[in-house]
Structures are given as structure tokens and as C-alpha cells.
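Basis for what follows: all heavy atoms, side chains included, without hydrogens, waters or symmetry-related copies. Just so it is clear, the model here is predicted, and its values are computed rather than measured.
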There are 2 protein chains.
Amino acid sequence: MTERDWRPRYIQVAEDLRDQILRGELPPGSAMLSETDLSERYDLSRTSVRNAIKQLKDWGLVRSKQGQGTYVRAPRQRVERRHTERYQWEKDRARLGEPERGETGATEFDTGLDLPDLEFRAKYTIVEADDNLAGIFGVPAGTALLKREYWTSTRSEDSPLSLVRSYLLRDIVAANPDLMDEAKEPWPGGTQNQLYTLGIELETIVDRLTARPPLPEEADVLDIEVGVSVLVLHKTSIDTQGRVVEFSEVILPGDRTEIVHVTTLERWA
Amino acid sequence: MTERDWRPRYIQVAEDLRDQILRGELPPGSAMLSETDLSERYDLSRTSVRNAIKQLKDWGLVRSKQGQGTYVRAPRQRVERRHTERYQWEKDRARLGEPERGETGATEFDTGLDLPDLEFRAKYTIVEADDNLAGIFGVPAGTALLKREYWTSTRSEDSPLSLVRSYLLRDIVAANPDLMDEAKEPWPGGTQNQLYTLGIELETIVDRLTARPPLPEEADVLDIEVGVSVLVLHKTSIDTQGRVVEFSEVILPGDRTEIVHVTTLERWA
DNA sequence: GAGTGGTCTAGACCACTGT
DNA sequence: CAGTGGTCTAGACCACTCC
């Protein structure tokens, strides 16, 4: 750390520690000096040192555990979600019989993931459409919807890869009682196959993407610091008749998710 | 604020103020009580009150100005980036003559925005490809690249909508000296038209999206708090011969940007 | 000059984790 | 138990803005 710097001391400390982490002197998983040690080391009060550590948390570089210490975060396994290909792939398989679908070896569902070792929990409820959902589906507010919530994770890690809230019109789904039974999840073939059993063919899927800091409960469930961002995906599925048949909100941890979209352009003559 | 709560006082204060903001009792733009006033009001030290305010900043709800006060942030105008349509639209116009392109009334370029009142600054430099860029373009490390940096904003607001770092192979671009002159920006017709003057036709565009907290300098330039997220878009443009001809990194403020991708599925027979 | 937020100190007690 | 981070206090001085 250089002398004579006009910036706040705690920022200088934060940057010094950041550089140590980025240079690999403080490898992922290693413990930092304790706050009291750091305050001696940098000749600062513990409050200022905590300020510096707060910065590092906001940058997503460290995490603290009460009673233990502060550790350098390991860059976690990043997961690619190739939406363009995935949606078509799911559609291609939606009409196949269950054996063929099973043979793909993939647990296919809403998240677009096809890792072989996925695990998830589901919860179904019936809710009434609020103004926002009513607008999306083009139905009156108060219309009954089937709300499906998913917590998806890989078996190897316990922190979920995604949180999903998915909505379907109850009156449409009711034609196949199996679809209203959360115990039937994971449905082999995914949502598009579920819709196929109702005679619905999807034609268009619209992804809308934003980023924001996680809500406290999301940070908790996804096992991320408040200083890490989440991707918010609003996915609208439209069938061949132009009806909105499904809407889902997917919350993804920004530090481990990469969403891929491929646009193929028409050739010039 | 209810009595008897096991959570930290500063969190309770933050939530109390958050609720006041969400209920509209503290409208956007209004000043909050000063830190000293708040510490009297809640019977807490100024440090704890500052802790609460830090929370509100992390949630993106308020901003402080030294010497003035702390103000409720106005929810900013959200900008939609409809990538799927945009890329094709840009390609359709790339071959038109300049008059026709001008007639569309849009300043078209890399960001995918077509607001009529866009303003931006550009900076061109020649750099050598690092390992990462070399891998993307499939060229040896050290190959000369034209690096173009853009700061885009609307004329009505002074905070930029996006930061763009775009890379092109210098040896390809050199065929048209106009393209290496930053004073020629904004190029009517955008990047696809620039490439057209070199005889290059794009066929595929790959968008890769992630979210993370902003770096300090990004937060500064985009005028967002460190507690607000940014969307990071890595866009790779591939021509009809499968060559990567452009790579760009776009930084977008997560609180005002929504990226839209439309996937059209093939019809069942 | 008065008031604001930004930084910083030198303490204190607590909850939690290890041994 | 000792050591850790989490919370909190009651001060202080500073840079900045507005009047």
C-alpha cells in the first residue's frame, strides 16, 4: 500500500486486500487475518477495518462466518444456460413417448438445465391472478392460476441453482389431473411435454432479463452474500394461437450463471 | 416499528424506512431526516443509523450527497433492449444507402438502442489481444485489435445507459480507413454497416449474460450505488464464413435495463 | 457559519464457533 | 474456554453545500 493517498484509509485497505486476493496471495477458501489482527497490521481502528471488509463483501470477494472468521470466496462452478437451443430441444422431445424421453438421460424441466445429477423440490398452490399476472395472461384479475415453485440444485452442492415461480391457467391445466399433483414432479419431458398432454404447442418464448441485488431471503436460499447480484428472468410462453400459456420468474445467482442466447440472421440474397 | 424484535436495531430501522418509502410516505426525491435527527428519533447512535442507511443504499432505495442530505431515489426510466429483433433490423438496413439509413431517424449502433435522442462518446485504440481475446477470435495472442470504447447516454439524462468495449481485428478493419477514425462516430447504420463496407455479412450473434456488482469506476460512471447490480453482456458476432469478426462487452445498469430475447420454435408438422 | 454526510477512534457487550 | 465476527455507543474532525 503506497503512502500519501488522498482516498479514505478503509478504501486503501480494501484495495490492498483485493489485490492480494486477485494476485493469488490469498487463495480461495483461505482465512483472512482476524479483524483485530488487521487493525494492528494497518494501524487502524477495528471499525475502519470492518468498513474495508464490508467493501470486499460488496465486491463479492469474501464472506464472513460469525465465530469463525472471514474467508476468501471460491469462484463457484458456473452454469451455462443455452436458452435458444434448449427451448427447441425441449420442444423436439415433447412429443416423444416417455421411454425415449427417459433415454436422453436428462431431467428436463423449466430451468433449461440438463445436468444428470439434478435434484429439486416443488410446491404447488392455487392462487388468484393479481393485476400484473392478469395483464400478462390477458385474463381478468382474480382468475385462478396454478402456481408452481421449484428449488433446483445439483446433488453435489446444496445451494440451489435457481428459484422458479411458474404460473399456468388452472382451467387449462385441470384437463389433466396429473399436472396438478406436485408429487408427479419432476415431470419427464418438462413443461413443454406437460402442455403437450393438454394439446398445447408452443411457438414463441420471450425471455426478459434484469439484474438486481438479492432480497434477504433469496440471498439466504441461494447461499450468496447480499453483495452478489441475481439475474431475474421473466419467461413468457406463447402457443401457436398466440395465447400466453405459461409465465415464470426465475431467480439465478449472478456469480455462477451465464445465460446464452443465439440469434441467427437471415442471409442476404 | 414494533417493539420486541430479536433482529438488530439497525435492520429494523432500515425496514421501517423502507416501508415508508414503499408506501409513498417518503416520495421519490424527498429528503430523509438527517442522520442526527434519525438517531434522536429512533434513540440510536449515529453509527447505527448510518448502518441502517447503508442498507437502504444497498437496496438501491436512497442516495446520499455530502453536505446536502440523503434522498429517496426516483425509480429510473427502464430501457428495453429487444435483441432478437434489433440484430435482424440492423442487418436489414446495413446494405441501404446512407440517405435511407438516415431516414429511419435512429442513431444505430452497437448498443441495440434506437432512441432518437441518443448521445455518446467514443474512443479508439489499437491493442494487442490477450489470451482471452485471442481465444475468442481464434488468433495468436498479441494480434493487433481495434478497441472501441463507447459511453452512451440519452440527452435528457446525464448518466450513461451503457458502457461498451468492442474489439475488431485491425487487419480486417484497415481496409476502410474511415472505420479507424473515432471522429466518424456515430457511424450511420451501426457496426453491421461498417462491416458491410468491408464485405462482411453477419450470420450469428451470440449473447452471453451475467450479473455482478459494479466495479467502483463503473458505479461512478453509470451513476449507480455500489449496491445496484450491473448486467454484463458478452456479444460475439460471427460472419457467414464462421469467423468471429467482433466481440464486445457491454455493461448495463441492472436497475434500468431489461434485455429481451424472443425464441421462435419450429412448428410441428 | 450552520448543517450535512464521510471518516475514524476506543472502547463495550453479544452470539457464535472451535477446543 | 478463548477467539471470532456482529452490534452498538459517544464522542471527534473533516469536506462539502447552502445561505
Side-chain angles (χ1 to χ4, degrees), chain A residues 1 3-17 26 29-73 216 219-220 223-227, chain B residues 1 3-17 26 29-73 216 219-220 223-227:
Chain A
M1 209 164 67
E3 305 299 319
R4 304 282 135 253
D5 201 329
W6 59 98
R7 287 170 307 170
R9 299 283 311 271
Y10 79 94
I11 292 282
Q12 297 179 43
V13 172
E15 290 179 347
D16 188 40
L17 293 169
L26 289 171
S30 65
M32 317 211 12
L33 290 179
S34 73
E35 296 179 352
T36 21
D37 286 351
L38 284 173
S39 61
E40 282 179 24
R41 171 81 118 71
Y42 288 104
D43 195 29
L44 267 177
S45 72
R46 192 178 152 222
T47 312
S48 292
V49 166
R50 278 183 64 79
N51 248 328
I53 292 177
K54 180 69 172 67
Q55 278 297 314
L56 294 174
K57 287 183 195 170
D58 277 355
W59 293 338
L61 292 172
V62 303
R63 69 181 324 174
S64 299
K65 292 185 188 173
Q66 186 171 155
Q68 296 187 37
T70 301
Y71 300 88
V72 179
R73 288 183 68 99
D220 196 43
D223 189 31
I224 54 182
E225 301 295 319
V226 283
Chain B
M1 206 165 67
E3 305 298 321
R4 304 282 136 251
D5 202 329
W6 58 100
R7 287 170 309 171
R9 298 282 309 271
Y10 78 94
I11 293 281
Q12 297 178 44
V13 171
E15 290 179 346
D16 188 40
L17 293 169
L26 290 171
S30 64
M32 317 208 17
L33 289 180
S34 74
E35 295 179 353
T36 20
D37 286 350
L38 284 173
S39 61
E40 281 180 24
R41 170 82 119 71
Y42 288 104
D43 195 28
L44 269 176
S45 71
R46 193 179 149 219
T47 311
S48 291
V49 166
R50 278 183 64 79
N51 249 327
I53 291 177
K54 180 71 172 66
Q55 277 297 313
L56 294 175
K57 287 183 193 169
D58 278 355
W59 293 338
L61 292 172
V62 303
R63 68 180 326 171
S64 300
K65 292 185 187 171
Q66 187 171 156
Q68 296 188 35
T70 300
Y71 299 88
V72 178
R73 289 182 70 101
D220 196 44
D223 190 29
I224 54 182
E225 302 295 321
V226 284

S.K.: Could you state the atom-to-atom distance from CD1 of A:Ile11 to P of C:dT7 in whole Å?
M.R.: 7 Å

S.K.: Could you state the atom-to-atom distance from CD1 of A:Ile53 to P of D:dG6 in whole Å?
M.R.: 8 Å

S.K.: Between atom OH in B:Tyr42 and atom P in D:dC8, what is the gap in whole Å?
M.R.: 14 Å

S.K.: By nearest atom, which of the nucleotides D:dG6, C:dC8, D:dC8 is closest to the A:Arg9 side chain?
M.R.: C:dC8

S.K.: In whole angstrom, what separates B:Arg50's CZ from C:dG5's P?
M.R.: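 Rounded to whole Å, this separation is 9 Å.
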
S.K.: Between D:dT17, C:dC8, D:dC16, spot the one nearest the side chain of A:Pro8, thanks.
M.R.: C:dC8

S.K.: Between B:Asp37 (CG) and C:dG3 (P), how many Å, whole number?
M.R.: 10 Å

S.K.: Please tell me which of the listed nucleotides, C:dA10, C:dC8, D:dC18, lies nearest to the side chain of A:Thr47?
M.R.: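 It is C:dA10.
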
S.K.: Is there a side-chain contact between B:Asp58 and A:Asp58 (heavy atoms, below 4.5 Å)?
M.R.: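 Yes; the side chains approach each other to less than 4.5 Å.
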
S.K.: Could you pull out the closest heavy-atom pair between B:Leu17 and B:Met32, with the gap in Å?
M.R.: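 Closest pair (atom of B:Leu17, atom of B:Met32, distance): CD1-CE, 3.8 Å.
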
S.K.: Starting from the C-alpha separation in whole Å, work towards a yes-or-no answer on side chain to side chain contact (heavy atoms under 4.5 Å, CB included) for B:Gln12 and B:Leu44.
M.R.: CA-CA 12 Å; B:Gln12 297 178 44; B:Leu44 269 176; over 6 Å; no

S.K.: Which nucleotide wins on minimum distance to the side chain of A:Ser45, given the candidates C:dG18, C:dT9, D:dG5?
M.R.: C:dT9

S.K.: Of all the choices, D:dT9, D:dG6, D:dC16, which nucleotide is nearest to the side chain of A:Gln66 once you look at every atom?
M.R.: D:dG6

S.K.: Nearest heavy atom decides the nucleotide; on that basis, is B:Val49 or B:Arg46 closer to the 5' end of DNA chain D?
M.R.: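 Between the two, 5'-proximity favours B:Val49.
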
S.K.: Below the 4.0 Å mark, does D:dT4 have OP1 or OP2 next to a side-chain nitrogen or oxygen of A:Ser64?
M.R.: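 For D:dT4, neither OP1 nor OP2 has a side-chain N or O of A:Ser64 closer than 4.0 Å.
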
S.K.: Between C:dG5 atom P and B:Leu33 atom CG, what is the distance in whole Å?
M.R.: 10 Å

S.K.: At their closest point, which heavy atom of B:Ala14 faces which heavy atom of B:Leu56, and how far apart are they?
M.R.: O-CD2, 3.5 Å

S.K.: A:Asp43 has an atom CG; how far is it from atom C1' of C:dT9, in whole Å?
M.R.: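 After rounding, the gap between these two atoms is 11 Å.
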
S.K.: Out of curiosity, A:Thr70 OG1 to A:Arg50 CZ, how far, rounded to the nearest 0.5 Å?
M.R.: 8.5 Å

S.K.: Go through C:dC8, D:dC8, C:dG6 for me and flag the one nearest to the A:Leu44 side chain.
M.R.: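 Taking heavy atoms from C-beta onward, the closest nucleotide is C:dC8.
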
S.K.: What nucleic acid atoms does B:Ser34 come within less than 4.0 Å of, heavy atoms only: base, sugar-phosphate, or nothing?
M.R.: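 Touches sugar-phosphate only.
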
S.K.: Would you mind reading off the distance between A:Lys54 atom NZ and C:dT7 atom P, rounded to a whole angstrom?
M.R.: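 These atoms are roughly 13 Å apart.
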
S.K.: So does B:Ser48 get a side-chain nitrogen or oxygen closer than 4.0 Å to the phosphate oxygens (OP1/OP2) of D:dT9?
M.R.: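 Yes, B:Ser48 has a side-chain N/O under 4.0 Å of OP1/OP2 on D:dT9.
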
S.K.: For C:dG6, does OP1 or OP2 lie under 4.0 Å from any side-chain N or O of B:Lys57?
M.R.: yes

S.K.: For a quick test of reading the model: is some side-chain N or O of A:Gln68 closer than 4.0 Å to OP1 or OP2 of C:dG18?
M.R.: yes

S.K.: For the pair A:Arg41 and A:Asp16, find out whether any cationic side-chain nitrogen is under 4.0 Å from an anionic carboxylate oxygen.
M.R.: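 A salt bridge is absent here (no side-chain N lies under 4.0 Å from a carboxylate O).
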
S.K.: Just to confirm, is there a sub-4.0 Å distance from OP1 or OP2 of C:dC8 to any side-chain nitrogen or oxygen of A:Tyr10?
M.R.: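 Looking at the OP1 and OP2 atoms of C:dC8, neither is under 4.0 Å from any side-chain N or O of A:Tyr10.
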
S.K.: Starting the side chain at C-beta, find the nucleotide from D:dT4, C:dT9, D:dG6 nearest to A:Glu35.
M.R.: D:dG6

